[in-house]
**Q** 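Structure below; questions to follow.
Quick note: numbers below take in every heavy atom, side chains included, and nothing from hydrogens, waters or symmetry partners. From a predicted model like this one, the values you see are computed outputs, not experimental measurements.
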Amino acid sequence: MGFPVSQFVPHPLLSIYKRFLCSDIAEAPLFLEYSNRFMCEACYKKMKNGCMANFESKPMSEPGKKTYNAFKIKCSNFLCAWIDTVAKFPHHLASECNFRPLPCANKGCDKMVVRTEIENHVKECPHRLVECVHCKENVPFIDTKNHHTVCPSFPVNCPHDKECAIMPRSSLAKHFESCPSMFINCIWQTFGCDFVAKRCDMDDHLRTSTASHLKGVTTKIIDLNPIEKEQINLVPEENANNVVGSGEKTDGKSEENSESIQVLSLKRESEKLGDTIQVLQSQLSNKRIKLENLETENKKLREQCEEKEKLEKVRILHLEMEKENVALKEKIKKYEQEYTRLVVISNWTSQSNRFETENFTIHGLEWNLVIHPKNDHYLSVYLNVPVEKQIPFGWQRKNVTYSIELVHQQNYELSVKKKSEAPDKFNSQGTGFGWTQFFSLDNLQKGFFSGNK
């Protein structure tokens, strides 16, 4: 807190308001009765409960406050040439100073930008909020790519087949239920079939693996009846065929007859399962036909969607280009208004060999033109920093590009304009830059005057 002494215009009473404990000038000073010195109000409040507990303070008297507020103070911001009373300094910082650093309003941005550039910075800040073109949610511009990786409306391809139609990420789960290129398990997995293939190839597997599936079903039935499995002694297939073919008893023993009856019962169950499998295969065949029809329709829809997406991309690109063009025109217009000044020279014939125009302000800085009207048959023109005002020691204006135009009064197309070839550096060693032979005096009378101006 407080102001450096160098920030003030010298005054004989200024030293009275030096801060207690340092040599700076107090800001919003309070009088400390014990030390007969002044201290910043904010500093006193911070230290009141500590080392300043025994120091009583009181506000300045009205004459003292009037004297303090009348001191001349310079703006503390670099390049700002403002000088006025202390009373006006807070208002200047809060509302007027074009060189005061201000915080960016966008959440997450910690940059400080001067007031003249803060509006442009907010529009171009990487932390500004932009609308996602897919889900319409506002997200920081810097996080756009990360948002696209989780956006539910972002268009994606099926991970199983890139030729599938592009769809929103939220539709993938439903698409997986019928995707022909997705790998799935055989429907007879419960009965021991471990076959895995694409959904579109599963029908061929079901047609060619009926026998193995039937065997698996039979094994499963036996496994589900462990008591009956212990009682059944399965005979070889050849003996079972002999029993079915002849219908005769082998040796008349009841145990062998019982075994044969059980084998026949199992075969009948297997035949029933075979019929069931045929019905299921027929149903699968019908579903396959429907799936092929759906694939044909899906292909048509995919082509239509691709065409619509192309048109939408072209439309969005066109809108973005229009916005950029409008923004560019506004920026150029603002630049021209802010950085262009018209200088009219009156009483031309009475001007001396060297004269300076009236001062003009561009971007908060004072300039003028130095003109030599008769310099070896040429008009010489220079952009100059007026030195009659108080300018801080070691001042400089770096990287200045400029152009000067001599306007034709009758036909603007005949105007003469010259632009600096490289940025110039203005300082105490070089206050002006321009052109010694800007325009020939022989051609100056041809339409460049209106009366004597």
**Q** Would you call Lys66-Glu62 a salt bridge at under 4.0 Å N-O?
**A** no
**Q** Could you tell me if the side chain of Trp367 sits less than 4.5 Å from the side chain of Val385, heavy atoms only?
**A**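 A side-chain contact under 4.5 Å exists here.
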**Q** Looking at Glu366, is its backbone amide N or carbonyl O close enough to the side chain of Thr361 to form a donor-acceptor pair, meaning the two atoms are under 3.5 Å apart?
**A**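 Such a contact is absent between Thr361 side chain and Glu366 backbone.
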**Q** Given side chains that start at C-beta, do those of Lys299 and Thr296 come closer than 4.5 Å, heavy atoms only?
**A** no
**Q** Mark yes or no for whether Arg115, through its side chain, and Leu102, through its backbone, hold a donor-acceptor pair below 3.5 Å.
**A** no
**Q** Do Phe433 and Tyr402 have ring centroids that are under 6.0 Å from one another?
**A** no
**Q** Distance from Thr67 atom OG1 to Leu13 atom CG, nearest 0.5 Å?
**A** 6.5 Å
**Q** For Glu421, I'd like to know if atom CD has over 12 heavy atoms of other residues, nucleotides or ligands within 6.0 Å.
**A** no
**Q** Do Cys186 and Leu206 touch side chain to side chain, with heavy atoms closer than 4.5 Å?
**A**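 SC-SC contact between Cys186 and Leu206 confirmed.
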**Q** Per the side-chain contact (heavy atoms from CB on, under 4.5 Å) rule, which among Val381, Val370, Ile371 passes with Thr357?
**A**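 Testing Thr357 for a side-chain contact (heavy atoms from CB on, under 4.5 Å) against Val381, Val370, Ile371 leaves exactly one candidate, Ile371.
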**Q** When you compare the side chain of Ser76 with that of Phe89, does any pair of heavy atoms fall below 4.5 Å?
**A** yes
**Q** Check whether Ser170 reaches the backbone of Pro152 with its side chain - one donor and one acceptor, N or O, closer than 3.5 Å.
**A**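 Yes, because the side chain of Ser170 sits within donor-acceptor range (under 3.5 Å) of the backbone of Pro152.
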**Q** Within the 4.5 Å heavy-atom criterion, are Leu129 and Val139 side-chain neighbours or not?
**A**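 Side-chain contact under 4.5 Å: no.
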**Q** Can you tell me how far NZ of Lys72 sits from OG1 of Thr85, rounded to the nearest 0.5 angstrom?
**A** 6.0 Å
**Q** Taking the side chain from Arg128 and the backbone from Val122, do they hold a donor-acceptor pair closer than 3.5 Å?
**A** no
**Q** Decide if atom NZ of Lys136 counts as having more than 12 heavy atoms of other residues, nucleotides or ligands within a radius under 6.0 Å.
**A** yes
**Q** Roughly how far, to the nearest 0.5 Å, is the CG atom of Asp161 from the SG atom of Cys179?
**A** 6.5 Å
**Q** Would you sort out whether Phe3 and Ile73 count as a side chain to side chain contact (heavy atoms under 4.5 Å, CB included), showing the intermediate values?
**A** CA-CA 9 Å; Phe3 304 110; Ile73 189 172; 4.0 Å; yes
**Q** For Glu119, look at atom CD and say whether over 12 heavy atoms of other residues, nucleotides or ligands are found less than 6.0 Å away.
**A** no
**Q** Please walk me through it: do Asp203 and Arg207 pass side chain to side chain contact (heavy atoms under 4.5 Å, CB included)?
**A** CA-CA 6 Å; Asp203 286 351; Arg207 282 194 297 268; 3.8 Å; yes
**Q** Quiz question: by atom type and distance under 3.5 Å, do the side chains of Ser209 and His205 form a donor-acceptor pair?
**A**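 Note: Ser209 and His205 side chains meet the donor-acceptor criterion.
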**Q** State, with a plain yes or no, whether a side-chain heavy atom of Leu383 is found less than 4.5 Å away from one of Phe426.
**A** yes
**Q** Can you find a pair of side-chain heavy atoms, one from Glu309 and one from Ile166, that are under 4.5 Å apart?
**A** yes
**Q** If you take all heavy atoms of Arg100 and Ala94, which pair is closest and at what distance?
**A**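 Smallest interatomic distance, heavy atoms only, reads NH1-CA, 3.4 Å.
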**Q** Hey, does Ile118 have a side-chain heavy atom less than 4.5 Å from the side chain of Pro101?
**A**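 When only atoms from C-beta onward are counted, Ile118 and Pro101 do not touch, as no gap falls below 4.5 Å.
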**Q** Show the nearest heavy-atom pair for residues Ser420 and Asp424, with the distance to one decimal.
**A**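 That would be CB-OD2, 4.4 Å.
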**Q** Could you walk me through whether Glu312 and Arg315 pass the salt bridge (charged side-chain N to carboxylate O under 4.0 Å, His left out) check?
**A** CA-CA 5 Å; Glu312 181 65 14; Arg315 187 185 70 83; 2.6 Å; yes
**Q** Rounded to the nearest 0.5 Å, what separation is found between the OH atom of Tyr68 and the CG atom of Leu14?
**A** 9.0 Å
**Q** Where is the tightest heavy-atom contact between Cys97 and Asn77, given as atom of each residue plus distance?
**A**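 Nearest heavy atoms, Cys97 then Asn77: SG-ND2, 3.2 Å.
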**Q** Are the side chain of Arg169 and the backbone N or O of His148 linked by a donor-acceptor pair below 3.5 Å?
**A** yes
**Q** More than 12 foreign heavy atoms under 6.0 Å from CZ of Phe355: is that the case here?
**A**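 Counting other residues, nucleotides and ligands, CZ of Phe355 exceeds 12 neighbours.
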**Q** Cys158 and Ser181: side chain to side chain contact (heavy atoms under 4.5 Å, CB included), yes or no, with the steps?
**A** CA-CA 9 Å; Cys158 173; Ser181 299; 6.0 Å; no
**Q** Between Phe176 and His160, is the gap from one ring center to the other below 6.0 Å?
**A** yes
**Q** Per the ring-ring contact (aromatic ring centres under 6.0 Å, His included) rule, which among Phe195, Phe191, Trp188 passes with His213?
**A**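 So, applying the ring-ring contact (aromatic ring centres under 6.0 Å, His included) to His213 and each of Phe195, Phe191, Trp188, only Trp188 qualifies.
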**Q** Any idea how Phe71 and Phe8 line up, ring-wise: parallel (<30°), tilted (30 to 60°), or perpendicular (>60°)?
**A** perpendicular
**Q** Mark yes or no for whether Ser380, through its side chain, and Thr436, through its backbone, hold a donor-acceptor pair below 3.5 Å.
**A**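 Side chain of Ser380 to backbone of Thr436: a pair is present.
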**Q** List the steps, then state whether side chain to side chain contact (heavy atoms under 4.5 Å, CB included) holds for Val156 with Leu172.
**A** CA-CA 9 Å; Val156 294; Leu172 275 179; 3.9 Å; yes
**Q** Would you confirm whether the ring centroid of His134 sits within less than 6.0 angstrom of the ring centroid of His147?
**A** no
**Q** Give me the atom names and distance for the closest heavy-atom approach of Ser415 to Glu405.
**A**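 Nearest pair, atom of Ser415 first, then Glu405: CB-OE2, 3.6 Å.
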**Q** Does Glu131 have more than 12 heavy atoms from other residues, nucleotides or ligands lying within 6.0 Å of its CD?
**A**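 Yes, the 6.0 Å shell around CD holds more than 12 heavy atoms from other groups.
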**Q** Please report the interatomic distance CD(Glu124) to CG(Asn120), rounded to the nearest 0.5 Å.
**A**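 Glu124 CD to Asn120 CG: 6.0 Å, rounded to 0.5 Å.
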**Q** With ring pair (Phe, Tyr, Trp, His ring centres under 6.0 Å) as the rule and sequence neighbours excluded, what pairs involving residues 91-127 come up?
**A** Trp82-His92
**Q** Would you say that more than 12 heavy atoms from the other residues, nucleotides or ligands in this model lie under 6.0 Å from the CG of Asp194, or not?
**A**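 No, CG of Asp194 has 12 or fewer neighbouring heavy atoms, counting only those of other groups under 6.0 Å.
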**Q** So, Asn298 side chain and Leu294 main chain: donor-acceptor pair closer than 3.5 Å or not?
**A**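 Checking the backbone N and O of Leu294 against the side chain of Asn298, no donor-acceptor pair under 3.5 Å is found.
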**Q** Kindly say whether Lys74 contributes a backbone atom to a donor-acceptor pair with the side chain of Gln7 at under 3.5 angstrom?
**A** yes
**Q** Is the Phe438 to Tyr378 ring centre distance short of 6.0 Å?
**A** no
**Q** Between CD1 of Ile184 and CG of Asp201, what distance do you get to the nearest 0.5 Å?
**A** 9.5 Å
